[in-house]
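Following: one structure in structure tokens, then a few remarks.
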Amino acid sequence: MKSTLTVCGRVGFLVASAFALSACVTSSGVVVNPSAQRAVYKTAYVVVHGKDSQDMDAHLQRELLRHGIAVSVGPEGSAGTAQLIVRYSDDWRWDIKMYLRSFDVMVFDAKTNTLLATGSWENSALHGFYNEDKVVANVVDQTLSKISVQ
């Protein structure tokens, strides 16, 4: 009888531990259009949000520049001669202070408006207070690595 309770207690502890640990894991990934050809990209147009997302606008622009891509910015529909159009969404929540819940970046071919790739990052259920600059850097790195010729 005692050994049955010990086994049940251990199994219960393992299940609870697995659940708790899975709630602490962030997720990220990149999905690439299978028909997208790798290319050398030199210019991008970032559709900026302004107002509450000015910091995220700046982080995204900085990461594209770090990759050697000339960046122009503005509202939707003003891409000019850029090779890429970059759109993003960011979701923030409050818990003692603001924290980034999720970040998605979508990269389009500016001539055809075809989605080339999308990168995403999502905070865990038991969220952490991650540095948004590093999150943007990781998502941009992962996304560009899938569509750019190095």
Side-chain angles (χ1 to χ4, degrees), residues 11-150:
V11 169
F13 175 77
L14 290 174
V15 169
S17 296
F19 175 75
L21 288 175
S22 69
C24 297
V25 177
T26 62
S27 62
S28 65
V30 175
V31 177
V32 178
N33 182 335
S35 66
Q37 299 294 317
R38 286 181 176 255
V40 175
Y41 296 107
K42 296 290 184 188
T43 59
Y45 180 81
V46 176
V47 177
V48 292
H49 296 200
K51 293 186 180 182
D52 294 336
S53 292
Q54 288 179 359
D55 289 347
M56 295 302 279
D57 292 343
H59 293 317
L60 184 55
Q61 292 169 56
R62 185 172 33 258
E63 283 309 308
L64 292 168
L65 289 169
R66 195 173 63 77
H67 283 273
I69 298 174
V71 177
S72 57
V73 300
E76 186 73 48
S78 304
T81 60
Q83 293 173 288
L84 300 172
I85 298 172
V86 181
R87 297 179 180 99
Y88 76 92
S89 66
D90 58 331
D91 182 30
W92 293 82
R93 300 291 160 96
W94 176 259
D95 181 14
I96 301 174
K97 71 175 196 168
M98 294 298 290
Y99 70 93
L100 184 60
R101 176 71 184 118
S102 65
F103 176 74
D104 298 294
V105 64
M106 293 129 312
V107 180
F108 295 83
D109 180 288
K111 289 181 184 172
T112 64
N113 207 28
T114 301
L115 179 62
L116 300 175
T118 182
S120 62
W121 178 88
E122 188 170 354
N123 210 332
S124 63
L126 298 175
H127 67 83
F129 296 97
Y130 294 92
N131 180 311
E132 62 269 13
D133 195 24
K134 291 180 181 178
V135 169
V136 172
N138 288 335
V139 173
V140 170
D141 287 345
Q142 291 173 6
T143 304
L144 290 180
S145 73
K146 301 290 186 183
I147 64 170
S148 297
V149 174
Q150 302 289 338

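- In terms of heavy atoms, K111 sits closest to D109 at N-OD1, 2.8 Å.
- With T143 contributing its side chain and V140 its backbone, the two residues share no donor-acceptor pair below 3.5 Å.
- Q83 places a side-chain N or O within 3.5 Å of a backbone atom of T43 that can act as its donor or acceptor partner.
- Closest approach of A82 and A110 over heavy atoms only: O-CB, 3.0 Å.
- Across every non-hydrogen atom of G128 and N123, the tightest pair is O-ND2, 2.9 Å.
- Rounded to the nearest 0.5 angstrom, W121 CH2 and F103 CZ are separated by 10.5 Å.
- Remark: the backbone N or O of W94 is not paired with any side-chain donor or acceptor of R101 at under 3.5 angstrom.
- Distance CG/L144 to NE2/H67: 5.0 Å, rounded to 0.5 Å.
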(request) Please assess R66 against D141 for the test side chain to side chain contact (heavy atoms under 4.5 Å, CB included), listing each intermediate value before the final yes or no. (result) CA-CA 10 Å; R66 195 173 63 77; D141 287 345; 2.7 Å; yes
(request) For L64 and L84, run side chain to side chain contact (heavy atoms under 4.5 Å, CB included): C-alpha distance rounded to whole Å, both residues' side-chain angles, the deciding distance at 0.1 Å, then the answer. (result) CA-CA 11 Å; L64 292 168; L84 300 172; over 6 Å; no
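- Counting heavy atoms from C-beta on, the side chains of L100 and H127 never come closer than 4.5 Å.
- To the nearest 0.5 Å, atom CD1 of residue I85 and atom CE of residue M106 are 12.0 Å apart.
- A search for side chain to side chain contact (heavy atoms under 4.5 Å, CB included) contacts involving R62 returns H59, D133, not counting sequence neighbours.
- In this structure, OG on S145 lies 6.5 Å from CZ on R38, to the nearest 0.5 angstrom.
- In this structure, the ring of H49 has its center less than 6.0 angstrom from the ring center of Y88.
- Annotation: side chain to side chain contact (heavy atoms under 4.5 Å, CB included) contacts of E76 (sequence neighbours excluded): V47, R87.
- Partners of L65 according to the side chain to side chain contact (heavy atoms under 4.5 Å, CB included) rule, which considers only residues two or more places apart in sequence or in another chain, are V71.
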Which pairs of donor and acceptor atoms, one on a side chain in residues 113-120, lie under 3.5 Å apart (sequence neighbours left out)?
{"unit_1": "T114", "atom_1": "OG1", "unit_2": "T112", "atom_2": "OG1", "d": "2.8"}
{"unit_1": "T118", "atom_1": "OG1", "unit_2": "V105", "atom_2": "O", "d": "3.2"}

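- The distance from atom CD of Q142 to atom CD1 of I147, rounded to the nearest 0.5 Å, is 13.0 Å.
- Listed by chain and residue number, nothing satisfies the salt bridge (Lys or Arg N to Asp or Glu O under 4.0 Å) test with E132 (two or more places apart in sequence, or in another chain).
- Partners of Y45 by side-chain hydrogen bond (donor to acceptor under 3.5 Å, both in side chains), not counting sequence neighbours: none found.
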